[in-house]
Student: 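Below are the structure tokens for one structure; questions will follow.
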Number of protein chains: 2
Amino acid sequence: MPRVGIREVAAAAGVSMGTVSHFLNHPDRVSAEKAKRIQEAIDRLGFVRNNAGRQLRLGHSTTIAYIVPDVSNPFFATIAEGVERRAAQAGLSVFVANSGGDPAREDSYLDLFEEHGVRGMLVASPRAIEDRLAAIRGRGTPSVLVGQRASSPAQPSVSIDDVSGGHTAVRHLVDIGCQHIAFVGGPLSIRQVADRLQGASDAIREAGSATLEIIASEPRVIATGHKVAAELIGRTQGRRPDGIFAVNDLLGIGLVQTLATGGVSVPEEVAVVGYDDIEYAENSFVPLSSVRPPHEDFGVAAIDLLLAVLGETQPPPENHLVFTPDLVVRRSTARG
Amino acid sequence: MPRVGIREVAAAAGVSMGTVSHFLNHPDRVSAEKAKRIQEAIDRLGFVRNNAGRQLRLGHSTTIAYIVPDVSNPFFATIAEGVERRAAQAGLSVFVANSGGDPAREDSYLDLFEEHGVRGMLVASPRAIEDRLAAIRGRGTPSVLVGQRASSPAQPSVSIDDVSGGHTAVRHLVDIGCQHIAFVGGPLSIRQVADRLQGASDAIREAGSATLEIIASEPRVIATGHKVAAELIGRTQGRRPDGIFAVNDLLGIGLVQTLATGGVSVPEEVAVVGYDDIEYAENSFVPLSSVRPPHEDFGVAAIDLLLAVLGETQPPPENHLVFTPDLVVRRSTARG
DNA sequence: GTGAAAGCGCTAACAA
DNA sequence: TTGTTAGCGCTTTCAC
């Protein structure tokens with residue numbers, strides 16, 4: 001099987017290589033007659049344009065990279081939706097890479113994409129990675145940090161205001177009458193968790209009379225919620241919180257399940273708010289109120305910021321986009 | 001900022017381009033002294049090897065593509081885990097692309113990856129896509145079809161025996177004493193759904209006395225389960241099934257929730273089995289029995305098959321790998 | 001509208 | 001061990 005390149009197509013169509021290339025890149029500058037001959041040759045020969053040659057000549061590619069710690073996390077997956085849609089509109093393709101939370105793999109993907117000459121990168125990482133991105137940017141590949149606010153003004157980022165999210169959640173609990181509120185989730189060493197707690201504390205302080213108990217349990221999965229709820233059920237009524245802010249929905253779902261089946265009514269005795277608004281929150285046993293970060297919009301914003309940096313669109317008015325999450329009220333906090 | 005290539009490194013290190021290239025590709029063939037000088041130059045200049053040039057020269061890349069309809073689907077995400085791990089061992093990188101179930105996007109990614117000259121592709125698609133893959137294969141890019149058994153012997157595939165899975169589920173229901181079994185889920189035009197129903201029917205036939213009712217509801221999400229369960233609750237006891245095989249876990253979870261809270265005891269009055277064994281099945285209100293397809297193993301198997309086709313390892317003993325799913329028994333079918 | 005030719009950055013074969 | 005060099009496939013001036 002002889003490789004078929006632009007040269008073979010040209011020969012088969014009886015034109016020069018240059019004309020075939022023109023046909024591929026500026027179809028309008030080729031006569032209808034030769035265009036037809038070329039197209040036939042392409043179809044017959046099964047010609048596929050070689051990207052390496054093209055990119056080498058052009059000096060740049062037409063793809064962007066999206067590096068995530070965990071593809072299966074609905075949060076990143078939904079962002080990917082928006083990213084792909086918007087990138088396609090801009091004529092860019094998206095390659096997703098999954099670091100699996102492993103710094104070494106993340107690093108090698110960063111290298112790989114830089115070697116591949118991607119136009120830009122969207123990087124979601126739990127790690128401190130700005131220095132690395134700065135170096136890459138210095139060599140010509142721009143990036144947008146996704147999910148954490150960059151500290152450098154030069155590093156574009158798209159993030160969520162978790163302090164505000166935590167505040168909103170607890171403020172809501174206070175508003176519906178909760179006085180003894182528990183914060184469930186950890187570890188506090190994770191920025192997002194710490195920020196949400198910060199917002200929660202602020203709301204408590206503003207409320208004046210309410211108290212906050214911190215139950216730093218991990219991992220942040222349903223089973224942990226079950227465990228914490230079991231402990232709570234064992235307490236005497238007076239020592240039990242009347243409102244819970246779960247640092248994510250999985251914890252919240254677990255809490256509600258065990259609480260409700262264990263004889264503690266939700267939301268009457270204990271109201272529960274989660275965070276992330278994953279699909280299961282809405283459909284859980286007792287539908288869970290939740291703080292909802294923007295999803296698709298977030299991906300779109302990230303791409304738009306990257307395009308702006310690339311100079312494809314207007315320059316960015318602001319390098320750091322911070323989204324404020326909403327609250328979705330459902331049965332788990334619907335009192336009265 | 002002047003581009004820095006192998007030429008600039010060579011100049012800075014006072015050696016020739018060829019030596020730098022050797023250093024990059026066969027470090028052992030370069031004297032320690034020059035190696036040091038080259039490494040210093042690379043670090044100082046921030047040299048990043050240009051993949052386009054490399055690949056053009058080499059004639060092949062060192063990446064493989066994994067195309068999925070939906071990255072956020074835990075099924076594909078878990079496979080990705082296995083795929084990446086195994087690929088890394090083989091010195092290959094994985095680019096994931098998300099078709100979003102859109103045939104047009106799937107098609108353009110297929111083109112894109114072929115143009116990029118990936119070593120091979122792993123393709124999960126709900127569509128009939130074998131002809132397309134055959135054409136691509138004919139031009140030199142092999143692939144493994146993931147999730148559906150290929151009909152052509154020439155097209156490697158890794159799939160799950162859904163007929164067997166459906167059989168296992170219903171056989172289990174029969175074994176615990178169910179006589180009137182409902183199959184919930186659709187559309188039947190989807191191969192996986194049809195296969196599971198086929199297996200279910202087979203099990204019913206073997207049982208002799210039991211009956212099967214088909215409730216072809218979609219989409220296959222929790223909310224649909226709620227709806228179907230509400231309808232079931234409204235029936236008189238005699239006309240209500242005593243066992244349900246939900247075609248996926250989301251449906252199963254929805255069914256169990258509404259059934260149990262609606263006063264129909266699970267598993268005593270109605271036993272329920274789901275399919276896929278997603279994380280939430282185990283942690284749902286009433287833990288859900290489920291048919292569990294292999295996950296990580298599946299990804300590993302897919303890559304191994306691809307490597308075999310690429311000739312990196314032993315030739316494949318068999319082009320079509322079919323996995324038989326297990327049953328995980330939990331409370332939703334734990335009678336007695 | 002079309003063709004000829006230069007060269008993108010790199011690797012490997014060959015020469016020294 | 002090191003240097004020199006041809007050329008991978010493509011796009012794009014530039015001439016015609």
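By convention in this document, chain letters (A, B, ...) are assigned in the order of the sequence lines, proteins followed by strands, and residues within each chain are numbered from 1.
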Student: A:N50 has an atom CG; how far is it from atom P of D:dG7, in whole Å?
Tutor: 18 Å

Student: Starting from P on D:dG9, measure out to NE2 on B:H116 and report it in whole angstrom.
Tutor: 17 Å

Student: Specify whether A:F95 and B:H116 have parallel, tilted or perpendicular ring planes, treating 30° as the upper limit for parallel and 60° as the lower limit for perpendicular.
Tutor: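 Aromatic pair A:F95/B:H116 classed perpendicular.
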
Student: Please report the distance, rounded to the nearest Å, between CZ in A:R57 and P in C:dC8.
Tutor: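 Taking CZ of A:R57 and P of C:dC8, I get 8 Å after rounding.
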
Student: At 4.0 Å (heavy atoms only), tell me whether B:F23 reaches a base, stays on the sugar-phosphate, or touches nothing.
Tutor: nothing

Student: Please state how far atom CD1 in A:I6 lies from atom C1' in D:dT11, giving the value in whole angstrom units.
Tutor: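 About 8 Å, once rounded to whole Å.
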
Student: Between A:Q148 and A:S157, do the side chains contain an N or O donor and an N or O acceptor separated by less than 3.5 Å?
Tutor: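 No, A:S157 and A:Q148 have no side-chain donor paired with an acceptor closer than 3.5 Å.
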
Student: What is the nucleic acid contact for B:G5, judged by heavy atoms within less than 4.0 Å: base, sugar-phosphate only, or nothing?
Tutor: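 Answer is sugar-phosphate: B:G5 comes under 4.0 Å of backbone atoms only.
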
Student: Looking at every strand, decide which applies to B:H26 at a 4.0 Å heavy-atom threshold: base, sugar-phosphate, or nothing.
Tutor: sugar-phosphate

Student: Base, sugar-phosphate, or nothing: which does B:S21 touch, judged by heavy atoms less than 4.0 Å apart?
Tutor: base

Student: Any salt bridge between B:R49 and A:D111, counting N to O under 4.0 Å?
Tutor: no

Student: Please figure out whether B:G53 or B:T19 has its closest DNA chain C nucleotide nearer the 5' end.
Tutor: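 Between the two, 5'-proximity favours B:G53.
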
Student: Determine, step by step, whether B:Y109 and A:E84 satisfy the side-chain hydrogen bond (donor to acceptor under 3.5 Å, both in side chains) criterion, reporting the C-alpha distance in whole Å, the side-chain angles of both residues, the deciding distance to 0.1 Å, and the verdict.
Tutor: CA-CA 12 Å; B:Y109 273 119; A:E84 303 229 352; 3.3 Å; yes

Student: Looking only at side-chain atoms of B:M17, point me to the closest of C:dC10, C:dG3, D:dG3.
Tutor: C:dC10

Student: Looking only at side chains, do B:Q155 and B:R137 share a donor and an acceptor under 3.5 Å apart?
Tutor: yes

Student: Looking at D:dG9, I'd like to know if its phosphate oxygens (OP1 or OP2) sit under 4.0 Å from a side-chain N or O belonging to A:R3.
Tutor: yes

Student: Quickly work out the B:L56 CG to C:dG7 P distance and round it to whole Å.
Tutor: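 Taking atom P of C:dG7 as the reference, CG of B:L56 is at 16 Å.
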
Student: Can you tell me how far P of D:dG9 sits from CD of B:Q55, to the nearest Å?
Tutor: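 Rounding to the nearest Å, CD of B:Q55 and P of D:dG9 are 12 Å apart.
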
Student: Tell me the interatomic distance from B:H22, atom NE2, to D:dT4, atom C1', rounded to whole angstroms.
Tutor: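 From B:H22 NE2 to D:dT4 C1': 12 Å.
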
Student: D:dG3, OP1 or OP2 - any side-chain N/O from B:S16 closer than 4.0 Å?
Tutor: yes

Student: So, is A:R54 near the phosphate of D:dT11, with a side-chain N or O under 4.0 Å from OP1 or OP2?
Tutor: yes

Student: Starting at atom CG of B:L58, determine the distance to atom P of C:dA12, rounded to an integer number of angstrom.
Tutor: 5 Å

Student: Pick the closest DNA chain D nucleotide for A:L24 and for B:S31 by heavy atoms, then say which residue is nearer the 5' end.
Tutor: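 Here B:S31 is the residue nearer the 5' end.
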
